[in-house]
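A short write-up of the structure that comes next.
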Amino acid sequence: QVQLVESGGGSVQTGGSLRLACTASGRTWSNKAMGWFRRAPGKEREFVAAINWSGQTTYYADSVKGRFTISRDNAKNTVYLQMNSLKPEDTAVYSCAGRSEIMAVTTPGRYDYWGQGTQVTVSS
């Protein structure tokens with residue numbers, strides 16, 4: 001059974017930092033692309049960041065570029081999202097996703113597996 005479990009969410013003030021982790025189980029993930037998406041209240045799910053199987057290629061939404069960093073540790077089947085300089089508009093439920101391909105993409109419909117999500121709240 002494939003499972004993605006996020007951790008690391010919480011509440012911080014503007015300018016603070018959080019690191020999210022997504023641990024995968026149930027199959028080999030070292031050759032799978034992974035991504036982070038978020039959904040704010042009343043809004044559509046939006047792409048945040050993605051990373052290819054090796055970690056050498058990454059993509060970011062313009063809104064988080066320069067503040068967020070996606071990385072992975074294939075030995076631990078874990079993908080991370082380091083979030084710095086957080087803003088109130090970053091408040092959302094953050095979910096990780098995995099796809100059965102090596103290349104990272106930004107479209108949520110092209111991901112095959114999803115975690116339950118973790119809440120991130122940034123107060124002003």
Side-chain angles (χ1 to χ4, degrees):
Q1 181 179 357
V2 174
Q3 191 172 21
L4 300 178
V5 179
E6 301 95 338
S7 61
S11 297
V12 296
Q13 293 188 325
T14 297
S17 298
L18 285 172
R19 188 175 81 154
L20 305 183
C22 171
T23 301
S25 62
R27 65 189 304 165
T28 300
W29 288 95
S30 60
N31 59 347
K32 305 292 189 290
M34 303 289 291
W36 285 97
F37 294 80
R38 67 186 182 186
R39 179 172 285 171
K43 294 188 177 181
E44 298 285 324
R45 176 187 285 163
E46 67 171 346
F47 167 73
V48 176
I51 189 166
N52 76 331
W53 70 279
S54 67
Q56 293 185 327
T57 300
T58 57
Y59 299 103
Y60 296 94
D62 288 342
S63 59
V64 306
K65 204 170 292 183
R67 300 187 297 122
F68 290 11
T69 302
I70 188 171
S71 62
R72 66 190 298 161
D73 184 338
N74 285 341
K76 296 182 179 179
N77 278 352
T78 300
V79 175
Y80 303 96
L81 185 67
Q82 177 66 44
M83 304 186 296
N84 299 329
S85 302
L86 283 161
K87 305 174 181 179
E89 51 264 44
D90 294 318
T91 295
V93 175
Y94 285 71
S95 299
C96 72
R99 65 190 305 255
S100 300
E101 303 288 343
I102 62 174
M103 300 305 295
V105 296
T106 64
T107 307
R110 297 177 69 181
Y111 284 82
D112 305 298
Y113 308 99
W114 291 84
Q116 291 296 312
T118 185
Q119 177 70 47
V120 170
T121 302
V122 185
S123 58
S124 57

Go through it in stages, so that I can follow the logic: the residues are Glu6 and Tyr94, the test is side-chain contact (heavy atoms from CB on, under 4.5 Å), and I'd like the CA-CA distance, side-chain angles, deciding distance and then a yes or no.
CA-CA 8 Å; Glu6 301 95 338; Tyr94 285 71; over 6 Å; no
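- Shortest non-hydrogen contact noted between Lys76 and Thr23 is O-CG2, 4.2 Å.
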Could you give me the CA-CA distance, side-chain angles and deciding distance for Ile102 and Asn52, then say whether side-chain contact (heavy atoms from CB on, under 4.5 Å) is met?
CA-CA 6 Å; Ile102 62 174; Asn52 76 331; over 6 Å; no
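- The OG atom of Ser100 lies 12.5 Å from the CZ atom of Arg110; values are rounded to the nearest 0.5 Å.
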Check the pair Arg45, Trp114 against side-chain contact (heavy atoms from CB on, under 4.5 Å), reporting the backbone distance first and the verdict last.
CA-CA 13 Å; Arg45 176 187 285 163; Trp114 291 84; 3.5 Å; yes
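- The shortest side-chain heavy-atom distance between Arg39 and Pro108 does not fall under the 4.5 Å cut-off.
- Considering all non-hydrogen atoms of both residues, Arg72 and Asn74 come closest at NE-OD1, 2.7 Å.
- One hydrophobic cluster holds both Ile70 and Leu86 under the rule that ILVMFWY side chains link at heavy-atom gaps under 4.5 Å.
- Atoms OG1 and CZ, on Thr107 and Arg99 in that order, are 8.5 Å from each other to the nearest 0.5 Å.
- Linking Ile, Leu, Val, Met, Phe, Trp and Tyr whenever their side-chain heavy atoms come within less than 4.5 Å puts Leu18 and Phe68 in one cluster.
- Ionic pairing of Asp62 and Lys65 is present here: one or more N-O contacts between side-chain nitrogen and carboxylate oxygen are shorter than 4.0 angstrom.
- When side chains are defined from C-beta on, Thr91 counts as touching Gln119, because their heavy atoms get closer than 4.5 Å.
- Scanning both residues, Tyr111 and Ala50, for their nearest heavy atoms gives OH-CB, 3.5 Å.
- The heavy-atom pair separating Cys22 from Leu4 by the smallest distance is SG-CB, 4.0 Å.
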Go through the steps to decide whether Trp29 and Val79 satisfy the test side-chain contact (heavy atoms from CB on, under 4.5 Å), and finish with yes or no.
CA-CA 10 Å; Trp29 288 95; Val79 175; over 6 Å; no
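- Under the 4.5 Å side-chain heavy-atom criterion for Ile, Leu, Val, Met, Phe, Trp and Tyr, Leu81 and Val12 are members of the same hydrophobic cluster.
- With rounding to the nearest 0.5 Å, the separation of OG in Ser63 from CZ in Phe47 is 9.5 Å.
- In this structure, Thr69 OG1 and Arg19 CZ are separated by 11.5 Å, a value rounded to the nearest 0.5 Å.
- Hydrophobic clustering places Leu20 together with Tyr60 (ILVMFWY residues linked when any side-chain heavy atoms are closer than 4.5 Å, directly or through intermediates).
- Heavy atoms from other residues, nucleotides or ligands lying under 6.0 Å from CD of Gln56 number 12 at most.
- Trp36 and Tyr113 fall within the same hydrophobic cluster, where Ile, Leu, Val, Met, Phe, Trp and Tyr residues are linked whenever their side-chain heavy atoms come under 4.5 Å apart, directly or through other members.
- Pairing each heavy atom of Val120 with each of Gly9, the nearest pair is CG2-CA, 4.2 Å.
- Of the possible polar contacts, none joining the Ser85 side chain to the Gly15 backbone as a donor-acceptor pair under 3.5 Å is found.
- The OG atom of Ser71 sits 11.5 Å away from the CE atom of Met34 when rounded to the nearest 0.5 Å.
- The heavy-atom pair separating Val64 from Val48 by the smallest distance is CG2-O, 3.5 Å.
- Salt bridge status for Asp90 with Arg67: present, with a side-chain N to carboxylate O gap under 4.0 Å.
- Rounding to the nearest 0.5 Å places CE of Met83 at 8.5 Å from OG of Ser17.
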